[in-house]
Asks: 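Let me begin by handing over the structure; questions about it come next.
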Amino acid sequence: MDYYCSEVVHGIRVTGACTSNFVVQIEGTPQSDIELPVNSPVQLWKLKHRDYIVNYGKSKDDYEYCMSEYLRINGVYWGITALCLLDQLDQLNKTEVIDFVKSCQHPSSGFGASPNHDPHILSTLSAIQILTIYDAVDEIDVDGAVNFIHCQQQNDGSFSGDKWGEIDNRFSFCALACLSLLGRLDAINVDSAIDFILKCMNFDGAFGCKPGSESHSAQVYCCVGSLAITGRLHHLNIDALGWWLSERQLPSGGLNGRPEKLPDVCYSWWVLSSLAIIGKLHWINKVKAILSRDNIFRHCPENLLLNHILLTKINDILQLLFFFLIVKEKLINFILACQDKETGGIADKPGDLVDPFHTLFGIAGLSLLGDTTLKQVNPVYCMPEEVIQKLRLKVQMLN
Ligand code: 3PZ
Ligand code: ZN
């Protein structure tokens, strides 16, 4: 797609390839974006990503690895989930991984990022996710972990991440995800947890990290995921939220976390998974079907009045429909462009340094976009769908 046209209709700029892909932008809204390098890759180098992840933890004294001690158990979850989606989990030593996770648990409490690190709700979720994937939850002190999470809940229903007391609805999601995976949601006050989440909803239908904070797509994922786990999606304003999420796509095809920010691979995940949960993933790439006037008129050939209205209003209608669209091919190209062919792995943007975090969320995003050479990912837990199915976990999804 090298040829772009640009047209202003009723103050709305339509830019896009002259074929069928359009990105709509309101005139005057500033946009930061990047340009995809020419000759960007067009395929997913799955075996390179496998090797990148398998080798990541091996050189234990390498700088990068030491730097990430405070992220170690999260990194293990990112790596294991990515390998699992690539159908390569057998590349790791299960016993070693489980022993490492066990060594991160504090007596009768939660998990730290590494042995002897203070317990934190983020590390505790990673621990539970890893053990769930390996069907090894029985090997830890489940009651201790549940009690740790219970103790993080505040009077207003919110959760702190650890004993320092920082509040953020990311921690609410971690608590709900952990306890639902363990079948122990009864250990907290779910109603007040949801009350707090709903206080973080903004006029645009999206969510910030605490009441009054600006909307951000990672927070949207956490809040929508929390509502899905607890069967409370009816609280959402689907049209406003879907609009806001769709507006995250930039002309490069990548998605940003909030208005005026640069695109980043991990936002493909926060945005796509949220759309999948609210049943709007099909808002992606329906341009060809919608764009054809003939297609619309075929359904009402005799109704002249309706045809007249349609003819005069057709541009307005199409512009509105564009707002709900994320152009799938462009997003896929953006994610593929962030791969590093030499080292394997995926970066936040083309040409940046790869890391396990963006490698997982790039692969998980491609899975949601329908790459059938990958295993299906569950949009709420960011774990393989087959693992969630096996647990017979019921999460609410709209359609
Ligand atoms: C990254 N963390 O605070 S972090 C994270 N970010 O621990 C892990 N997109 O500097 C890796 N940016 C890389 N491997 C980045 C996890 C952040 C998210 C930062 C980031 C991502 C752009 C700048 C917050 C779950 C858990 C934590 C987060 C999100 C979701 C950093 C900076 C921050 C962090 C780690 C490394 C490289 C990897
Ligand atoms: Zn990122």
Side-chain angles (χ1 to χ4, degrees), residues 110 121-122 124-129 132 137 142-143 145-161 167-202 205-211 213 215-242 244-245 269-281 368 377-385 387-399:
I121 208 159
L122 282 166
T124 302
L125 175 57
S126 292
I128 303 297
Q129 286 171 307
T132 303
V137 169
V142 171
D143 289 336
V146 168
N147 187 50
F148 169 74
I149 296 164
H150 163 84
C151 291
Q152 303 315 119
Q153 190 168 31
Q154 313 295 304
N155 290 332
D156 64 355
S158 67
F159 283 82
S160 59
I167 303 294
D168 185 316
N169 53 34
R170 276 194 299 155
F171 305 145
S172 308
F173 172 76
C174 292
L176 292 164
C178 275
L179 294 178
S180 60
L181 287 170
L182 296 171
R184 297 289 298 273
L185 277 175
D186 57 277
I188 54 164
N189 185 336
V190 171
D191 288 336
S192 74
I194 295 303
D195 285 346
F196 178 79
I197 297 229
L198 293 175
K199 285 194 193 123
C200 304
M201 197 195 290
N202 291 319
F207 294 81
C209 61
K210 29 180 115 55
S213 301
S215 296
H216 189 289
S217 46
Q219 251 67 43
V220 170
Y221 163 80
C222 291
C223 294
V224 171
S226 298
L227 297 174
I229 289 170
T230 55
R232 307 261 211 306
L233 289 174
H234 60 274
H235 290 296
L236 292 171
N237 178 345
I238 300 294
D239 286 352
L241 176 60
W244 188 89
L245 289 168
W269 171 258
W270 313 123
V271 173
L272 287 176
S273 57
S274 303
L275 281 171
I277 297 167
I278 65 170
K280 297 298 179 206
L281 206 51
L368 276 186
V377 67
N378 178 283
V380 173
Y381 293 98
C382 195
M383 291 161 63
E385 184 63 48
V387 173
I388 302 301
Q389 298 281 332
K390 230 168 143 186
L391 288 175
R392 298 176 180 280
L393 260 185
K394 289 276 169 287
V395 293
Q396 188 189 10
M397 302 259 204
L398 301 179
N399 46 40

Asks: Can you pull out every salt bridge (Lys or Arg N to Asp or Glu O under 4.0 Å) where at least one residue sits in residues 170-179? Sequence neighbours excluded, please.
Replies: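 Checked against salt bridge (Lys or Arg N to Asp or Glu O under 4.0 Å) - neighbours excluded - the pairs reaching residues 170-179 are D168-R170.
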Asks: Counting C-beta onward and ignoring hydrogens, is there a side-chain heavy-atom pair between I388 and L181 closer than 4.5 Å?
Replies: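 Result yes, sub-4.5 Å side-chain heavy-atom pair found.
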Asks: Which residues pass the side chain to side chain contact (heavy atoms under 4.5 Å, CB included) test with C174, sequence neighbours left out?
Replies: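 In terms of side chain to side chain contact (heavy atoms under 4.5 Å, CB included), with neighbours along the sequence ignored, C174 is linked to I121, L122, L125.
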Asks: With the side chain counted from C-beta on, respond yes when L176 and I188 share a heavy-atom pair under 4.5 Å apart, and no when they do not.
Replies: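 Yes, at least one pair of side-chain atoms sits under 4.5 Å.
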Asks: Yes or no on side-chain contact (heavy atoms from CB on, under 4.5 Å) for D186 and L179, after CA distance, side-chain angles and deciding distance?
Replies: CA-CA 8 Å; D186 57 277; L179 294 178; over 6 Å; no
Asks: Calculate, to the nearest 0.5 Å, the distance between atoms NZ and CD1 belonging to K280 and I238 respectively.
Replies: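 Answer for the NZ-CD1 pair, K280 versus I238, is 7.0 Å.
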Asks: Applying side chain to side chain contact (heavy atoms under 4.5 Å, CB included), can you list everything that pairs with A206, at least two apart in sequence or on another chain?
Replies: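 Counting only residues at least two positions away or on another chain, A206 forms a side chain to side chain contact (heavy atoms under 4.5 Å, CB included) with D204, S215, V220, L241, W244.
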Asks: Side chains of S180 and Y381: closer than 4.5 Å at any heavy-atom pair?
Replies: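 Yes - at least one pair of side-chain heavy atoms lies under 4.5 Å apart.
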Asks: Given F173 and I229, is the side-chain contact (heavy atoms from CB on, under 4.5 Å) satisfied, shown in steps?
Replies: CA-CA 9 Å; F173 172 76; I229 289 170; 4.1 Å; yes
Asks: Return a table of donor-acceptor pairs under 3.5 angstrom between the side chains of residues 389-399 and protein atoms on other chains or two or more places apart.
Replies:
residue: Q389; atom: NE2; partner: E385; partner atom: OE2; Å: 2.6
residue: Q396; atom: OE1; partner: R232; partner atom: N; Å: 3.1
residue: Q396; atom: OE1; partner: L233; partner atom: N; Å: 3.0

Asks: How would you list, by chain and number, every residue that makes a salt bridge (charged side-chain N to carboxylate O under 4.0 Å, His left out) with D143, sequence neighbours excluded?
Replies: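 If we apply the salt bridge (charged side-chain N to carboxylate O under 4.0 Å, His left out) test to D143, skipping adjacent residues, the hits are R184.
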Asks: What's the spacing between C178 SG and Q129 CD if we round to 0.5 Å?
Replies: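 Here the rounded value is 7.5 Å.
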Asks: Please round to the nearest 0.5 Å and tell me the distance separating atom OG of S226 and atom CZ of F171.
Replies: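 Output value for this atom pair is 12.5 Å.
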Asks: Specify the closest pair of heavy atoms between A175 and I149, including all atoms of both residues, with the distance to one decimal.
Replies: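 Looks like CB-CG2, 3.6 Å.
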Asks: For residues 270-277, run the donor-acceptor check on the side chains, cut-off 3.5 Å, and write out each pair with its distance to 0.1 Å, sequence neighbours left out.
Replies:
residue: W270; atom: NE1; partner: C266; partner atom: O; Å: 3.4
residue: S273; atom: OG; partner: W269; partner atom: O; Å: 2.6
residue: S273; atom: OG; partner: W270; partner atom: O; Å: 3.3
residue: S274; atom: OG; partner: W270; partner atom: O; Å: 2.7

Asks: Taking only residues two or more places apart in sequence or in another chain, which ones pass ring pair (Phe, Tyr, Trp, His ring centres under 6.0 Å) with F159?
Replies: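 F159 satisfies ring pair (Phe, Tyr, Trp, His ring centres under 6.0 Å) with no residue once adjacent residues are dropped.
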Asks: Using 0.5 Å steps for rounding, measure from the CD1 atom of I167 to the CD atom of Q152.
Replies: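 Output value for this atom pair is 9.0 Å.
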Asks: With sequence neighbours left out, write down each residue that passes side chain to side chain donor-acceptor pair (under 3.5 Å) with D156, or none if nothing qualifies.
Replies: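 D156 satisfies side chain to side chain donor-acceptor pair (under 3.5 Å) with S158 once adjacent residues are dropped.
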Asks: So, using ring pair (Phe, Tyr, Trp, His ring centres under 6.0 Å) as the criterion, who are the partners of F148 when residues are at least two apart?
Replies: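 Counting only residues at least two positions away or on another chain, F148 forms no ring pair (Phe, Tyr, Trp, His ring centres under 6.0 Å).
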Asks: Flag yes if more than 12 heavy atoms outside H235 fall under 6.0 Å of its NE2 atom; otherwise flag no.
Replies: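 For H235, atom NE2 is crowded (more than 12 foreign heavy atoms under 6.0 Å).
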Asks: Could you work out, with side chain to side chain donor-acceptor pair (under 3.5 Å) as the rule, every residue matching S172, not counting sequence neighbours?
Replies: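 Applying side chain to side chain donor-acceptor pair (under 3.5 Å) to S172 gives none.
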Asks: Considering residues at least two apart in sequence or located in another chain, which fulfil the side chain to side chain donor-acceptor pair (under 3.5 Å) criterion with T132?
Replies: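 T132 satisfies side chain to side chain donor-acceptor pair (under 3.5 Å) with no residue once adjacent residues are dropped.
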Asks: For the residue pair G157 and F196, what are the closest heavy atoms and their distance?
Replies: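 Looking at all heavy atoms of both residues, the closest pair is C-CB, 4.1 Å.
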Asks: I need the minimum non-hydrogen distance between V146 and A187, along with the two atoms involved.
Replies: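 Closest heavy-atom pair between V146 and A187: CG1-CB, 3.4 Å.
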Asks: Under the side chain to side chain donor-acceptor pair (under 3.5 Å) test, which residues partner Y221, sequence neighbours left out?
Replies: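 If we apply the side chain to side chain donor-acceptor pair (under 3.5 Å) test to Y221, skipping adjacent residues, there are no hits.
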Asks: Quick one: pull up NZ in K199 and CD1 in I194 and give me the separation to the nearest 0.5 Å.
Replies: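 K199 atom NZ to I194 atom CD1 measures 12.0 Å (nearest 0.5 Å).
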Asks: Tell me the closest heavy-atom pair linking S213 and N202, and the distance in Å.
Replies: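 Heavy atoms of S213 and N202 come nearest at O-ND2, 2.9 Å.
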